[in-house]
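Contents: one structure, followed by commentary.
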Amino acid sequence: MGMLEIRDLSISYGQHRAVEKASLRVAKGEIVVILGANGAGKSSILRAAAGLLPAMPGSSFEMNGRDITNCPPDEFVEAGIALVPEDRAIFAELTVQENLKLGAYPKRARKKAPDNLARVLALFPRLAERPRQRVQTMSGGEQQMVAIGRAMMSAPAILLLDEPSLGLSPLLCSELFRSLARIRSTEIGILLVEQNAKRALAIADRGYVLENGCVTASDRSEVLSSDERVRKAYLGSDGSSINLR
Amino acid sequence: MDILIGGFLLGGTYALMALGLQLQYGVARIMNLANGEMLVAGAFGAFWFYSGFQMRPFLAIVLIVPLAFVVNWAIYHYLLTPLVRRAKSRGQLEVDGILATFGMSFILVGLMLAVFGGEYFSYSYLERAVFVLEQPYGLNRIAAFCASLVFCIALVVWLSHTRSGLALRAVAVNPTAAGLVAIKVARTSAIAFAIGGAVTASGGALLSMFLTFDASIGVIFTLKALIIVILGGVGEIRGTVAAAFLLGLAETAVASLVDPGLTLAAAYLLFIVVLLVRPRGLFGSRS
Amino acid sequence: MSAINRGKFILVALAFGTAALLPFFDTGYWLSLGVSLAMYAVLATSWTLFSGPTHYISLATAAFFGTGMYVVGGGVDLLPYPALVLIAALTGAVLATLVGLTTMRISGVYFVIFTLGLAELIRQVVTWVQTTFTSSSGLYVLTDITESMIYWELMSLLALVYLAGWMINHSRLGLALRVIGNDETVAAHIGINTAKAKVMLFIISGTVASVCGALLAPRWVYVEPTIAFSPMISFQVVIMALLGGVHRLWGPLCGVIPFTLLWEVIAAQFPNQTTLLLGASFLLIVYFIPNGIAGLLENFPKQLQSKNGG
Amino acid sequence: MVLNVDGMTKSFGGIRAVDALSFELVPGEILGLIGPNGSGKTTVINVLSGALKANAGRIQLLNRDIGQLSTHEIARCGLARTFQIVRILPAMTVLENVAVGGVFGHGRYWGAALDRRAKDLLQRLGVRHGADTPATALTYIDQKRVELARALISDPKVLLLDEWLAGLNPVELGIGISLIRDLRAEGRAIIIVEHVMDAIRSLCDRCVVMNGGQKIAEGTPGTVLADRAVISAYLGDEYGDA
């Protein structure tokens, strides 16, 4: 069973402790959301889980039972972890086709590239329409598709998504969440950091609440959504819209 | 007409040396001010093999290229990687890189002065005249041109049609994203820098077949390569080749119509005009 | 002016006064060393006025320096010397304005290359003009100006540069340059005329270098393009400024003194390896003293504090 | 009227990012500029602030044509902005970051008056860190506050906020919304580009909805968000039905 297991993850920037002994796991075919205020350390966890940030001694990462702690980023990818960071990190000057081709650069993905390509293009038909377009000329929503599509080309077992809906219009946002549900159905696990907590909890199976770098709650998403504290902090006062008049 | 052909012949070798710099700057993000010295080193290499061992320059290149690759790889690995690690931003790396390679250019000049002395060097190889459209051209120039062309085409094809070439371009465009698709960014940068240096050195070896050179002439070639890269647009391989031919043409025209002493001035003027009209280079599209 | 500032001012004035006495003690080796020190102090400090806050690395010092020298060389038989210095200043200012206006839209690497090329361009053109229109490849500057006078002139210029630098640092212009060095886009959006601020500083810096060249022309007697526009001058100025530190007005001086002395030794002991050693010392500075000696000096008390506190 | 935009058009290559856009802004009004990604909102902000030059059209700020002015001149006329991705001056302290906004812009302050203004603003916006802290040490939300303070210190008549509320949690969002409302009460005209619908609904007096560079709707948030064209181009059916 494909599973990412993060144990006792601590991250610090100089003197500042960003994350303190956080333990999380994601299994294949499930969506797990991390809730938390800005600066709570959500992005740091994702970046560390992709091997981009050094974790402090005592932290450990295990992928399918294999220890990948302290490995360089490319080995995290080879182990089956793909990150779509907040700034999307696409190759803006290259074409859609080249971006997807680069997604299949990891050795684990090379053989399965044609299958994965078919899968990505089925998920995002718009990418099939313009393979030769330079990504920088595409709209924000389309660029997000390229970013997620490229991550899926690396045949990941676990997809890490950092604020995928940031800057997307409500329409594109709905589209995005529908695609996430479809991605889950292909047996990929998703670890999601999302500002739009309401929608994220609606599609997630489980969730973690992160406060000042510590995991303070973890439960099934239905339980979290009905938790009064969570509702207040992340879902707005009445859970639907903010009314300050 | 002979300006056209002469410029074209010169442009071929220019393209080669500028592509070397383009790889180093575009991929490894090092604006290498010692590029010209690497070129002169290549020229000295060819000279040394020819005068010492009667080795033909084309054969010498086979030895010079791997040698230059190793030397440049070592320069990147031991001298530039610390700067890459230290840099907080791309801008800082550019400044540090400029300063460091600037120091290296002096060291290289100093070394070449110590080994070969300050005189002018040249050797005669393939000095027969060949007639193109009833005008005589040195066979050495034409041979050097053909060799450069072969190298350039090989390089362009490799960059645009192979997996490793694509990986190189990926690092050039977005190093963070490249790391996320399992490309080993540090290694790829080192390789790009080394290949760039090797390409430049091979350009120097080819130039030495028909050009007189001395140990301190490198800065002129650095300037020319920089001008070509900027004219063509950073990261634009085809633009670089086109700009190289343009510069070769402009220089030949000024040399034969005005005065050979003003070629660099002409190159520089061209550079200024283009920068003012199109700040991203003639073929640049990056925003 | 606050009490601390007044104290500093008196201290600096005293230091200048003491240094100005040098020609009364020696007119040989030490005076000539003093002239070199003063010359590089002027050039490195004026370079830092522009390049320090903006992070634009200018390699155009030689272009301005050589221009000033050639103005004197070309007019020494026609006009009185003080007039020539004025013309040199004017020529430097005009050249800096032209270069500034054309290059201030471009940044980073482009600017470095532009300025590196500028000296080469002027050198080629001057060489070409000389060989085409005159028979000689250089010019004689024969005057009755003594080395002591040159020294005093340079010291006065240095005092002016420091005064100007102090005034700029305490003005809106100085603040504008700091913002530009941080983020040029933000600078424009908060109402800073970025092009004007940069061009003004570049003009000041270029004019000073030009005047410096004019003041030194009588010392060299024979002026030649390869010497007057030597890229070596630009490089040495950059090295000294970086060695000293570019974030303080007094930073470059910390680089000029040790480097000039070191250079004296190198030139005397290893006359054939100057280029090699120049490159090596340059590398050492870039790698090991990135913030300059001034940075080291400023951090030193902090380190002491943290040691005592921790 | 503080701002009058008439027929603003901006093309990149062959693509019209903004196509003959017209709208007005009166003092003390908050205008929401909304629309799908790539509809040209940020381009409008960039043209207004002078970072880009329009190909055609007329822009008047306080009855003065600013279409051909450069960025710093427009800032001096009384227009200030924040950036979509926060732009802090990294080598400066928190106080300096705010103060520089008041030196060269619309209001020109210096010395003690400048210092006082900057400190007042920091306090008002709730930046709790010491004024001498390096700005890079601040959290994201505090950096956003500092950036807003830098825009406000010059006493601008028109304020452009490019997704200033994006990425805030509900509590912070509430604070941010009441802050912007206070600014309106001072008589400033504000244009906000936002995707946070709750904020649009509770803040804006009027909305301009863009799609493909053109204005497809204009009116109160209530009317435009119920508009069929807006729902199909931007909000999606889920929102429309709700």
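The sequence lines fix the lettering, A, B, ..., with proteins before strands; numbering per chain opens at 1.
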Report, as yes or no, whether the 6.0 Å neighbourhood of atom CH2 on C:W220 holds more than 12 heavy atoms from other residues, nucleotides or ligands.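 Count over threshold, so yes.
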
Other residues, nucleotides, ligands: >12 heavy atoms within 6.0 Å of C:Y222 OH: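 Yes, OH of C:Y222 has more than 12 neighbouring heavy atoms, counting only those of other groups under 6.0 Å.
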
What's the shortest heavy-atom distance between B:A265 and C:V125, and which atoms?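 Smallest heavy-atom distance, with atoms named: CB-CG2, 4.4 Å.
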
So which pairs with a foot in residues 105-118 of chain B pass side-chain hydrogen bond (donor to acceptor under 3.5 Å, both in side chains), sequence neighbours left out?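 Qualifying pairs, neighbours excluded: none.
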
Can you confirm whether [X] sits close enough to [Y] that some side-chain heavy atom of one is under 4.5 Å from a side-chain heavy atom of the other?
| X | Y | answer |
| --- | --- | --- |
| C:L283 | B:F106 | no |
| C:E120 | B:I220 | yes |
| B:M31 | C:V112 | no |
| B:L264 | C:L121 | no |

Which word best sums up how the rings of C:F114 and B:Y268 line up, parallel for under 30°, tilted for 30 to 60°, or perpendicular for over 60°?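 The rings of C:F114 and B:Y268 sit tilted, inter-plane angle from 30° to 60°.
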
Would you confirm whether C:Y287, through its side chain, and B:P82, through its main-chain N or O, come within 3.5 Å as a donor-acceptor pair?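 No: the side chain of C:Y287 does not pair with the backbone of B:P82.
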
Can you tell me how far apart [atom1] ([X]) and [atom2] ([Y]) are? Round to the nearest 0.5 Å.
| X | Y | atom1 | atom2 | value |
| --- | --- | --- | --- | --- |
| C:F282 | B:F102 | CZ | CZ | 5.5 Å |
| B:I107 | C:L278 | CD1 | CG | 9.5 Å |
| B:I98 | C:L116 | CD1 | CG | 10.0 Å |
| B:E94 | C:I57 | CD | CD1 | 10.0 Å |

Between chain C and each of B:L99, B:D259, B:I227, count heavy-atom pairs under 4.5 Å; write down the option with the most.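 Option with the top pair count is B:L99.
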
Heavy-atom pair count under 4.5 Å with chain C, highest-scoring of B:L223, B:L111, B:L262: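 Ranked by contacts with chain C, first place is B:L262.
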
C:I113 versus chain B, the contacting section by heavy-atom distance below 4.5 Å: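 For C:I113, the contact with chain B is made by backbone and side chain together.
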
What pairs of donor and acceptor atoms, side-chain ones from residues 237-245 of chain C against any protein atom, are under 3.5 angstrom apart with sequence neighbours left out?
none

